[in-house]
Amino acid sequence: TNLAIYWGQGPNQQRLSHFCEETSLDIINLGFINIFPEAVGKWPGSNFGNQCDGNVYPGSELLSGCHQIWEDIPVCKEKGKTIMLSIGGETAWEYLSSELQAVWFADFLWYSFGPQNEAYTDTYPRPFQTNSVDGFDFDIEHDGGAFYATMINRLRSHFAEYPDQTFYISGAPQCQIPDTQLSNAISNSFFDFIWVQFYNTAGCSARDFVEGTGSFNFGNWVDVIKASSNPEAKLFVGLPAAEAAANVGYYLTPTEVAPLVETYMELYPKQFGGIMLWEATYSENNLSPDGLTYAESMKEILYN
Ligand SMILES: CNC(=O)NC(=N)Nc1ccccc1
């Protein structure tokens with residue numbers, strides 16, 4: 001099983017390579033491409049917190065000076081990390097209004113952040129230079145779920161152009177079923193990982209498991225996966241990595257997480273993919289009594 005974590009929005013966060021030193025982290029979601037192209041031919045915008053030098057490509061909100069990120073991605077990859085580029089995020093202005101726009105956005109992301117393709121280097125920017133991400137994560141939190149299946153299917157058609165490389169698609173739905181933003185995409189396009197945000201939504205959260213309300217719905221999410229375009233997709237338990245990383249009441253201590261993981265890893269060994277954490281800096285600053293980061297505590301739970 002894997003531990004996935006978001007990085008890019010942490011308060012006074014350390015650079016990516018700092019987190020790639022942590023052996024407990026398997027998948028790192030770089031957040032975020034937070035502004036969607038307003039039309040075909042227009043560029044998206046990005047925000048990686050304190051990690052870029054504040055410069056943007058002319059006429060766009062796409063950050064251009066993220067030297068720490070393009071320097072660090074190779075370090076992370078040589079340590080075996082999977083690096084995903086996350087689209088959306090809590091503060092995103094995200095809206096797809098047409099198939100054409102969805103296809104354009106997918107192409108832009110692929111030629112800008114996917115494998116370097118000499119034929120396109122004068123048409124598209126390379127914010128991470130020659131680095132390619134390992135896939136794209138959809139953290140769509142509002143503005144309606146249309147056209148994401150189109151975008152993901154387009155990305156997959158690009159993946160197929162590199163048959164000897166593996167690229168991934170993941171999504172971070174809220175725990176209520178159906179998730180307004182991503183249920184259509186999950187039904188109609190192929191996801192490798194679904195990390196459900198079992199926090200910030202009452203009536204289906206990991207807190208419900210601890211309180212014994214019976215409404216924690218990991219089992220129902222297994223059914224959603226089984227009925228989706230990829231019944232083999234891995235389902236992750238998404239959790240806040242500290243009290244301050246989520247709305248009040250949704251944080252679970254490692255002691256509270258352990259029985260949840262044991263129960264559902266046992267019930268659904270095939271679907272259970274691991275744990276997703278929001279997010280890296282909160283995890284780093286949330287040490288257990290014996291000095292483990294929250295992510296390290298989670299990794300211990302996954303492997304005990
Ligand atoms: C995977 N995306 C998130 O976990 N987003 C997220 N946690 N947004 C947020 C919502 C409320 C308080 C803090 C962060």
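All ligand and atom numbering here is 1-based and tracks the order in the structure. Worth saying up front: this structure is predicted, and the values here are computed from it rather than measured.
The ring pair (Phe, Tyr, Trp, His ring centres under 6.0 Å) search around Phe167 returns Trp110, Phe159, not counting sequence neighbours. With sequence neighbours excluded, no residue forms a side-chain contact (heavy atoms from CB on, under 4.5 Å) with Ser187.
Side-chain contact between His18 and Gln13: absent, with no pair of heavy atoms (C-beta onward) separated by less than 4.5 Å. For the pair Leu260 and Val210, the minimum side-chain heavy-atom distance is 4.5 Å or more.
Screening residues 281-304 for ring-ring contact (aromatic ring centres under 6.0 Å, His included) gives Tyr251-Tyr294 as the qualifying pairs, with residues at least two apart or on separate chains.
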N or O contacts of ligand 1 with protein under 3.5 Å, please list pair by pair.
| residue | atom | partner | partner atom | Å |
| --- | --- | --- | --- | --- |
| ligand 1 | 2 (N) | Asp139 | OD2 | 2.8 |
| ligand 1 | 2 (N) | Glu141 | OE2 | 3.3 |
| ligand 1 | 4 (O) | Gln197 | OE1 | 3.4 |
| ligand 1 | 4 (O) | Tyr199 | OH | 2.6 |
| ligand 1 | 5 (N) | Glu141 | OE2 | 3.1 |

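Checking Thr213 against Glu211 by side-chain atom types alone, no donor-acceptor pair falls below 3.5 Å.
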